[in-house]
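To keep things clear, I will list the structure first and then write my remarks on it.
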Amino acid sequence: MDIYDSVIELAKRRGFLWNSFEIYGGTAGFYDYGPLGAMLKRRIENIWRDIYVINEGYYEIESPTIGIENVFVASGHVGGFSDPLTECQKCHESFRADHLVEDVASNPDTLTPDELSVIIKENNIKCPDCGGELGGVYEFNLMFSTSIGPGSKRVGYLRPETAQGMFVDFPRLLRFYRDKLPFGVTQIGKVYRNEISPRQGVIRLREFTQAEAEIFVDPRDKSHPGFDSIRDYTLSLYSDHNQSSGQDQIDMSLGEAVDLGIIAHQFLAYALAMTHQFLVRVGVSPERLRFRQHMKDEMAHYAIDCWDAEILSDRFGWVEIVGIADRTDYDLNAHSRVSKTDLSVYVEYDEPRVVEKVVVKPDMGKIGPAFKGKAKAVMDALKSMEFGNLSYSKSNDMISIQVDGEQVDIPPDMYEVQQVTETIHGENIVPHVIEPSFGIDRIIYAVLEHAFREEEVQGEDDVKSKNEVRDEDKGRIVLGLKSEVAPVQAAVLPLLTREELKGPAKEIESALKHKGVMAAYDDSGTIGRRYRRNDEIGTPYSITVDYDTLEDGTVTIRDRDSMKQVRAPADTIADTIHDLIHGYTRFEDAGTPIA
RNA sequence: GCGCCGAUAGUGUAGUGGUUAUCACCGUGGCUUGCCAAGCCAUGAACUCGGGUUCGAAUCCCGAUCGGCGCACCA
């Protein structure tokens with residue numbers, strides 16, 4: 001049993017992750033989050049919100065999980081991600097049918113699968129690899145489709161990413177942020193991809209949760225106002241160059257990486273730093289985390305630079321858990337084109353620019369009668385003329401222009417050339433998008449695997465030596481979750497199952513709950529067993545009520561990782577635990593150490 | 001989607017063509033228990049599904065589903 005198996009077994013047994021629809025045999029690519037898993041997930045999402053929404057100020061929105069066809073036509077998911085495939089009946093290799101018929105069909109990408117099948121048959125096209133017979137063409141699209149309303153007239157798709165919902169809201173968002181760049185927006189939600197063969201547990205799912213930020217920036221200025229604060233922040237970077245030259249990732253400060261041009265610009269570097277902070281805060285091991293740059297041929301054609309946060313897993317090696325890309329203006333332009341909506345921002349200059357221009361002023365009183373129906377076209381043609389030099393403009397020549405494909409001569413008395421001074425206050429630009437995209441489910445797996453450990457427990461041969469029954473079984477399984485993400489934050493345990501201890505313990509449990517601390521009361525089994533039970537689900541602190549509690553009002557707090565204990569007052573225990581969980585108090589300072 | 005391998009209580013497992021399917025952990029109730037998976041009593045819980053062969057199938061065969069690995073795929 002490797003670590004993956006151990007983690008999945010623990011997650012299943014203790015209520016973190018379950019295969020969905022189990023009583024019906026299950027379906028690949030779907031997982032349920034059990035009680036502890038859902039709690040862990042929510043806590044991780046809320047830390048993400050704390051960083052992106054509260055601290056960076058990128059408000060969260062919520063758009064439908066079903067999108068209309070045009071949205072995904074514009075995004076390229078309908079055309080680009082819907083491939084007609086055919087499979088060789090002999091060697092079972094799959095091919096793009098539209099590519100195979102390129103030589104015999106003029107418009108292969110507009111053909112339906114049935115039409116492609118016919119063409120392949122008629123032209124006797126064989127498998128390019130082995131010459132075998134090709135099977136029928138079928139449409140393969142990663143998107144789940146559905147129909148909207150009765151009659152199945154309108155096709156809808158389950159979104160394959162949350163990003164499009166934010167791009168589509170761009171005009172509203174721009175107005176919300178009072179027409180100024182840069183601004184960002186976030187969304188956490190379910191997305192759907194009909195994977196061919198989902199595997200590896202929660203690593204590749206058909207329904208999963210993304211947390212994405214879309215940050216709209218001025219393409220001419222990708223500096224970040226907070227860059228100085230992260231200039232010395234050092235990350236493990238695995239650049240395109242390092243990959244192609246066979247080197248490993250190297251530690252480098254972000255300042256250096258931007259200066260050397262390894263990371264395209266400050267905004268992207270800042271996004272990397274935030275990603276790192278988030279991942280480490282939720283419990284990804286920094287030693288098993290790196291940022292890998294996409295190679296040139298791997299990057300989407302529209303992207304400028306793209307980095308994946310990857311975690312090292314025991315079984316799968318490096319696994320991508322976050323993608324951070326500069327998507328340029330690709331998406332906004334695409335939606336602008338398909339929706340016929342202006343998705344640009346008017347950016348004011350710092351100083352208005354005074355521009356001297358030479359313009360042609362048509363004399364419509366003469367042009368109108370002279371050209372009648374064509375007058376408007378002539379006027380437009382004249383106005384759109386550009387005068388590169390003033391000398392020409394000053395001459396009073398006959399102007400020859402093309403109007404509707406025929407040459408028209410405009411005599412000098414029909415126009416006037418003027419030099420004008422214009423004050424321009426700004427211009428319209430389409431913003432570029434910086435997009436960090438988090439795969440929450442993969443992050444959860446990373447957190448579980450990196451937190452998982454089995455350790456030897458030493459030094460209890462004195463008191464319990466009379467019960468030397470299971471001396472082989474001294475190991476304990478610990479889920480060393482960060483206290484901030486642990487589902488159960490404190491266990492409340494009466495030392496013995498006796499009424500006089502149960503009462504005070506239950507009071508402490510309810511005091512903790514009032515403070516918003518997820519506390520679990522447990523009086524079943526010996527104290528050691530209950531500690532172990534809580535170690536396994538990552539409960540960071542256990543509070544034990546004993547007979548001293550009844551006398552001097554103190555309880556034992558036991559630290560999951562060190563197994564050390566301190567004695568602290570019971571009446572302020574909720575505050576103490578709260579402060580411990582959020583890192584305001586260190587465990588050693590939470591009470592008096594006991595041997 | 002292709003190939004190989006697998007599927008037994010909640011978890012990990014043993015096992016055989018033939019009566020109540022093994023063991024451990026686990027859960028629950030009780031006794032015990034004064035700080036790191038003690039003990040005792042009682043109790044709960046499984047042969048993935050469908051078809052076939054057979055007097056009889058959890059066991060053999062076929063298919064499906066799920067899982068693992070390799071290939072393909074991963075905008």
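With A:Y541 as the aromatic partner, A:R558 does not meet the cation-pi criteria of under 6.0 angstrom to the ring centre and within 45 degrees of the ring axis.
For B:C66, the base has no donor-acceptor partner in the side chain of A:R199 [N/O atoms by modelled type, under 3.5 angstrom]. Counting atom types as modelled, A:S197 pairs a side-chain N or O with a base atom of B:A72 as donor and acceptor under 3.5 Å. Between the side chain of A:R315 and the base of B:G68, no donor-acceptor pair under 3.5 Å is found. Between the side chain of A:E195 and the base of B:C74, no donor-acceptor pair of N or O atoms lies under 3.5 Å. Judged by distance alone, with hydrogens and angles left aside, A:D546 brings a side-chain donor or acceptor within reach of the base of B:C35, the pair sitting under 3.5 Å.
Nucleotides B:G50 and B:A58 place their P atoms 10 Å apart, quoted to the nearest Å.
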A:D5 vs A:R315, salt bridge (charged side-chain N to carboxylate O under 4.0 Å, His left out): CA-CA, chis, key distance, verdict: CA-CA 9 Å; A:D5 283 329; A:R315 184 186 286 192; 3.0 Å; yes

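Among the atoms of the strands shown, none is found under 4.0 Å from any heavy atom of A:R530. At the heavy-atom level, A:Y24 lies nowhere under 4.0 Å from the strands shown.
Below 30°, between 30° and 60°, or above 60°: for A:F72 and A:Y157 the angle between ring planes is above 60°, a perpendicular geometry.
Using a 4.0 Å cut-off between charged side-chain N and carboxylate O, A:K12 and A:E9 make no salt bridge.
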